[in-house]
Amino acid sequence: MAAQIQYADVEVGTELPAASFPVTRATLVQYAGASGDFNPIHWNEKFAKEVGLPDVIAHGMFTMAEAIRVVTDWVGDPGAVVEYGVRFTKPVVVSNDDQGGLIEVTAKVAVKLDDNRVRVDLTAMSAGQKVLGMSRAVVELA
């Protein structure tokens, strides 16, 4: 695979298509099985509340992975992401109902770098709160 977006076609301020990612308790169980992270704050409501959380919360790495999908979908090649980092600011709360939680992600090109690379800044929100801070990816374009 190779990046589908041309460096010359991108300007600072270019907005990537936004996306929303639903998160249910079933999603968390699937992620726990795949990642091996069975911390009860991600599946046991009673335990999560006993440790001071409002409810079960999504795994931080799951939240991070969902957010970067905006970038990988835009560029057309997950391998084009050469750097990615975030700060976890708030949890994604996942209620035990048909709605669960929702991660809403927007992103835009913040800086054009050398070697056909750009820095993309992401904003990830859930329930009106920013759940990832300093969310940035460096992407190598065609």
Side-chain angles (χ1 to χ4, degrees), residues 1-5 7 9-142:
M1 292 177 84
Q4 304 299 310
I5 304 296
Y7 181 82
D9 296 338
V10 174
E11 299 297 329
V12 170
T14 298
E15 293 185 15
L16 284 61
S20 295
F21 305 101
V23 187
T24 65
R25 296 281 177 97
T27 308
L28 298 182
V29 170
Q30 292 168 337
Y31 182 81
S35 69
D37 182 352
F38 295 102
N39 186 323
I41 64 173
H42 303 303
W43 58 269
N44 184 319
E45 185 174 332
K46 180 178 180 288
F47 182 85
K49 288 182 177 180
E50 284 175 355
V51 297
L53 295 169
D55 208 329
V56 165
I57 62 170
H59 303 73
M61 296 303 286
F62 172 81
T63 303
M64 189 178 175
E66 290 291 78
I68 197 65
R69 288 175 55 190
V70 168
V71 176
T72 59
D73 289 351
W74 171 70
V75 76
D77 178 11
V81 177
V82 296
E83 291 179 32
Y84 179 43
V86 306
R87 289 189 183 163
F88 301 105
T89 57
K90 298 281 185 189
V92 174
V93 177
V94 182
S95 58
N96 192 19
D97 57 22
D98 292 338
Q99 300 299 313
L102 186 67
I103 303 167
E104 300 172 285
V105 183
T106 58
K108 68 179 177 177
V109 174
V111 180
K112 288 187 84 168
L113 305 165
D114 294 333
D115 299 324
N116 285 4
R117 294 179 176 192
V118 297
R119 190 187 86 209
V120 177
D121 291 353
L122 297 92
T123 301
M125 307 284 291
S126 184
Q129 295 188 321
K130 193 172 184 179
V131 296
L132 299 176
M134 299 294 292
S135 185
R136 297 178 173 170
V138 174
V139 183
E140 188 170 341
L141 303 178

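Quick note: numbers below take in every heavy atom, side chains included, and nothing from hydrogens, waters or symmetry partners.
- Contact between A137 and I68 at its shortest, heavy atoms only, is CB-CD1, 3.8 Å.
- Taking a 6.0 Å sphere around CD of E50, one finds it holds more than 12 heavy atoms contributed by other residues, nucleotides or ligands.
- Taking both residues in full, the closest heavy atoms of I57 and P91 are given as CG2-CB, 3.5 Å, listed atom of the first, atom of the second, then distance.
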Give every donor-acceptor pair under 3.5 Å between a side-chain atom in residues 72-87 and any protein atom, sequence neighbours left out.
residue	atom	partner	partner atom	Å
T72	OG1	R69	O	3.3
D77	OD1	G79	N	2.9
Y84	OH	M64	O	2.8

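- The shortest distance between side-chain heavy atoms of L16 and V109 falls below 4.5 Å.
- The shortest non-hydrogen separation linking E104 to S20 is CG-OG, 3.6 Å.
- Remark: side-chain polar atoms of D115 are not paired, donor with acceptor, to backbone N or O of R117 under 3.5 angstrom.
- At least one side-chain heavy atom of V23 sits under 4.5 Å from a side-chain heavy atom of L28.
- Side-chain N or O atoms of K90 include none that pairs as donor or acceptor with a backbone N or O of S126 at under 3.5 Å.
- In this structure, A67 and L132 approach most closely via the heavy-atom pair CB-CD1, 3.8 Å.
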Residues F62, V92; criterion side chain to side chain contact (heavy atoms under 4.5 Å, CB included); working and verdict:
CA-CA 10 Å; F62 172 81; V92 174; over 6 Å; no

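- No donor-acceptor distance shorter than 3.5 angstrom exists from the side chain of E11 to the backbone of D9, with no hydrogens or angles considered.
- Here the side chain of R119 pairs no donor or acceptor atom with the backbone of L113 at under 3.5 angstrom.
- Side-chain contact check for N96 versus V56: every heavy-atom pair is 4.5 Å or farther apart.
- K112 places a side-chain heavy atom less than 4.5 Å from the side chain of V12.
- In this view, P40 and W43, N44, F47 satisfy the side-chain contact (heavy atoms from CB on, under 4.5 Å) rule, not counting sequence neighbours.
- Between V120 and A107, the shortest heavy-atom contact is CG1-CB, 3.7 Å.
- A pairwise comparison of heavy atoms in T106 and A18 identifies CG2-CB, 3.9 Å as the closest pair.
- With values rounded to the nearest 0.5 angstrom, D121 atom CG is found 8.0 Å from M134 atom CE.
- Under the 3.5 Å distance criterion, the side-chain polar atoms of H59 are matched with a main-chain donor or acceptor of D37.
- Distance check, rounded to the nearest 0.5 Å: OH of Y7 to CG of L141 gives 8.5 Å.
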